[in-house]
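For reference, the structure is listed below as structure tokens.
Note on naming: letters A, B, ... go to the chains in the order of the sequence lines (proteins, then strands), and numbering restarts at 1 for each one.
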Number of protein chains: 2
Amino acid sequence: MRIGDLAEKSGLSTDTLRYYEKIGLIPRPLRDGGGRRVYDRTILRWIEFLDRLKATGMGIRDRLRYAELRTLGSASLAERRRMLEDHRRKVAADIARLTETLGVLDDKVDLYRRMEAGETVDPAFESCARTEHGAPPIQDSSSHDSSSGARPRADSGP
Amino acid sequence: MRIGDLAEKSGLSTDTLRYYEKIGLIPRPLRDGGGRRVYDRTILRWIEFLDRLKATGMGIRDRLRYAELRTLGSASLAERRRMLEDHRRKVAADIARLTETLGVLDDKVDLYRRMEAGETVDPAFESCARTEHGAPPIQDSSSHDSSSGARPRADSGP
DNA sequence: TTACGGGTTGGAGTGCACTCCAGGTCAAGC
DNA sequence: GCTTGACCTGGAGTGCACTCCAACCCGTAA
């Protein structure tokens, strides 16, 4: 498999593949007679996994570290496992945050829909509506909830 | 509230707050006699919401657009709603992907744990193990699964 | 044999999202 | 009056993750 084929199969550009090789994310492949890179299919699985780590928010430093450990073979198993466990925790936390946000978005969409329909907004949502309305600069200190916390929405599940 | 207080309350740096103002993410605040920014508490809700959009993967362009729409008041309600609906879809897709990854990570951690214990790895996981082992370059075409697809793991639930 | 399509290299450029800095102003406390 | 600390401005610098480019090489089909 040459770089063009791998690019097509992996969804990365040839430039990106060469870049990943340069920084050490993927191993240097063999070359053919003409000096061109020849990849073996197993690289695809690795690229896919890297992509997954990236897509779930693992930065390049950690991916590099993981790639480096991988080249050390089984001696690095425990550390790789620890890295994955750490990452798992982060992913779980992200899911929680995203799920919470789903609720916030649903609430807001709902509110906007009702406002579009010309409906008077429930006082419980006033602060939210005002915030999202391009609030004219009001600098009094008398709005109806205190400065920190007390958001009246946001935690109704997805 | 001056910029330092807002920084403390919002968790952003004063530099970041000024930067957000410069690019138009947050409205220009009033100034006191000495030319210093004076914020009203409502800005915190907006910053919080922006942060949520950012944390859930909305890029700066879209956040800017949303901020711009916000300044237009109720005339932009429908478009803002559409933006949020679009974003909601992306967030839902992200959750799905993250959840899938949680499963992949669990499988891998499991596998590593067993390998650390010196256990012989189930043939069904061989490809995975090989991939994650710093596979020596094999360029035959006879490994046990065909080039595309057929991953024996990764889709067992969260 | 020549054109072409795909490969090679090193290095420069891009876009995002800040972050830092120099050099200055201002208000309050000692 | 002077120092201190928070603030001001414009602009430069940073780190990530590519992305593009010029100039070259190689193998194959027409």
D:dT19, OP1 or OP2 - any side-chain N/O from A:Thr16 closer than 4.0 Å? yes
On DNA chain C, more 5' by nearest nucleotide between A:Arg37 and B:Leu25 is A:Arg37
Check the angle between the aromatic planes of B:Tyr66 and B:Phe49 and answer parallel, tilted or perpendicular using the 30° and 60° thresholds. tilted
Is B:Lys9 positioned over the aromatic face of B:Tyr39, cation under 6.0 angstrom from the ring centre and no more than 45 degrees off axis? no
Which whole-number value in Å describes the distance from B:Met58 CE to C:dC16 C1'? 16 Å
May I have the step-by-step check of salt bridge (charged side-chain N to carboxylate O under 4.0 Å, His left out) for B:Asp15 and B:Arg18, ending in yes or no? CA-CA 5 Å; B:Asp15 275 327; B:Arg18 279 188 288 257; 3.6 Å; yes
note: B:Leu17, atom CG; D:dA6, atom C1'; distance rounded to Å ~ 14 Å
Counterpart residues, side chain to side chain contact (heavy atoms under 4.5 Å, CB included), relative to A:Glu79 (two or more places apart): A:Arg65, A:Leu69, A:Arg82
Any salt bridge between B:Arg52 and B:Glu48, counting N to O under 4.0 Å? no
Atom pair distance, as rounded to whole Å: CD1 in A:Ile23 and P in C:dG10: 15 Å
Atom OH of B:Tyr19 to atom P of C:dG15: distance rounded to whole Å? 13 Å
Could you tell me the separation between the CE atom of B:Met1 and the C1' atom of D:dA6, rounded to a whole number of Å? 16 Å
Return the 5'-most residue of the pair B:Arg2, A:Lys22 with respect to DNA chain D, ranking by each residue's nearest nucleotide. B:Arg2
Spacing between B:Leu6 atom CG and D:dC8 atom P, to the nearest angstrom: 11 Å
d(CZ, B:Arg31; P, C:dT25) in whole Å: 16 Å
Checking contacts here: which listed nucleotide (D:dC16, C:dT8, D:dC18) is nearest the side-chain heavy atoms of A:Arg61? D:dC16
Report the distance from atom OH of A:Tyr39 to atom P of C:dG7, rounded to the nearest whole Å. 10 Å
Side chain to side chain donor-acceptor pair (under 3.5 Å) with B:Asp86: which of B:Lys90, B:Arg89, B:Arg88? B:Arg89
Least distance between heavy atoms, A:Val38 atom then A:Pro29 atom: O-CB, 3.6 Å
Selection from D:dC18, C:dC18, D:dT9 that lies nearest to any side-chain heavy atom of B:Lys54: C:dC18
Of the nucleotides C:dT8, D:dC18, C:dC18, which one has an atom closest to the side chain of A:Ile3? C:dT8
Protein-to-nucleotide contact annotation, 5' to 3' order, nucleotides 21-30 of chain D [B base; S sugar-phosphate only; - none; under 4.0 Å, heavy atom]: ------S---
